[in-house]
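Working notes for the structure below.
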Amino acid sequence: MKTRLVMTLILASLVALGACDRDAMMSSKGFRLPDGDAVVGREAFLYMQCHQCHTIDGEELPLIPGQETPYVELGGKVTKVKTYGELITAIINPSHELARGYAEEVVSQDGESNMYIYNDHMTVQELIDIVMFLQPHYDVVVPQGKYRVYPR
Ligand code: HEC
């Protein structure tokens, strides 16, 4: 009986270890793209027609004739840092996490983002430059009212 218990425990920990290993292997730790060029990134953004759906806080972008008004703003005030990893994920895996602040039915359908998938068309260099261009447009602010100020 005791051996059986020990065997079960060993098996269970092996399974747990296996899961751990997989998590560790799928980790984004160590992921780093080289620095890009924001000016080239802006050009790539326009060339890829990202401004069909996006405005960017603090940027004048031309309207695309015959298209509806862009409806998802990039950049601007955020309460949490938009990390490099999050921005890249938003571009190459848009359905992973939908942008905050929009009703789901406005930006997605059946859980899938309305954003085009560019992965077959965008070069890695374009991705690098676009992220370099976008990131400085995010402005982190401390949410109002989150921290109570006690009188002394
Ligand atoms: C057809 C419309 C459309 C086009 C074109 C488009 N997007 Fe999007 N994009 C969306 C929608 C809708 C969302 C919000 C849902 C989501 O998070 O995927 C979004 C979200 C994003 C976000 C995340 C925003 C946030 O606040 O989390 C980034 C970054 C982004 N897009 C970048 C791009 C870039 C770069 C391009 C061009 C290469 C592009 N998009 C082209 C529709 C579009």
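Residue numbers start at 1 and run along the sequence shown. The analysis underlying the following values was restricted to heavy atoms, covering all of them including side chains, and did not include hydrogens, waters or symmetry mates. Both ligands and their constituent atoms are indexed starting at 1 by order of listing. Not measured: the values here are computed from a predicted model.
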Quiz item: Below 3.5 angstrom, do we get any N/O pair linking Lys82 and ligand 1?
Solution: yes
Nearest atoms (heavy-atom pairs only) where [X] meets [Y]:
X      : Y      : answer
Gly36  : Asp129 : CA-OD1, 3.3 Å
Gly75  : Asp57  : C-CB, 3.8 Å
Tyr102 : Glu73  : OH-N, 2.9 Å

Quiz item: Can a donor-acceptor pair be found between the side chains of Tyr116 and Gln52 at a distance below 3.5 Å?
Solution: yes
Quiz item: Which word best sums up how the rings of His51 and Phe45 line up, parallel for under 30°, tilted for 30 to 60°, or perpendicular for over 60°?
Solution: tilted
Atoms of ligand 1, numbered as shown, that sit under 4.0 Å from any heavy atom of [X]:
X      : answer
Met122 : 38 (C)
Ala99  : 14 (C), 15 (C), 16 (C), 17 (O), 24 (C), 25 (C), 26 (O), 27 (O)
Leu98  : 15 (C), 16 (C), 17 (O), 18 (O)
Asn114 : 1 (C), 12 (C)
Leu87  : 29 (C)

Quiz item: Could a heavy atom of Tyr102 be found less than 4.0 Å from some atom of ligand 1?
Solution: no
Quiz item: At a 4.0 Å cut-off, with the gap strictly under it, does some heavy atom of Glu97 reach an atom of ligand 1?
Solution: yes
Quiz prompt | Any side-chain heavy-atom pair of Cys53 and Val72 under 4.5 Å | solution = no
Quiz item: If we only count heavy atoms from C-beta on, is the Tyr71 to Asn114 side-chain gap below 4.5 Å?
Solution: yes
Exercise. Can you pull out the closest protein heavy atom to atom 41 (C) of ligand 1? Residue, atom name and distance to 0.1 Å, please.
Key: Tyr118 OH, 3.3 Å
Quiz item: What is the nearest protein non-hydrogen atom to atom 12 (C) of ligand 1, stated with its residue, atom name and distance?
Solution: Tyr71 OH, 3.4 Å
Exercise. Could you grab the protein N, O or S atoms closer than 2.8 Å to atom 8 (Fe) of ligand 1 for me?
Key: His54 NE2, Met115 SD
Exercise. Inspect the surroundings of CZ in Arg32 and state if more than 12 heavy atoms from other residues, nucleotides or ligands are less than 6.0 Å away.
Key: yes
Practice problem: Using a cut-off of 6.0 Å, state whether more than 12 heavy atoms not belonging to Phe31 lie near its atom CZ. | Solution: yes
Exercise. Measure the spacing between CG of Leu33 and CD of Gln125 and express it to the nearest 0.5 Å.
Key: 9.5 Å
Quiz item: Rounded to the nearest 0.5 Å, how far does CD of Glu104 lie from CG of Leu98?
Solution: 6.0 Å
Quiz item: Does Ile130 approach ligand 1 within less than 4.0 angstrom via side chain, backbone, both or neither, non-hydrogen atoms only?
Solution: side chain
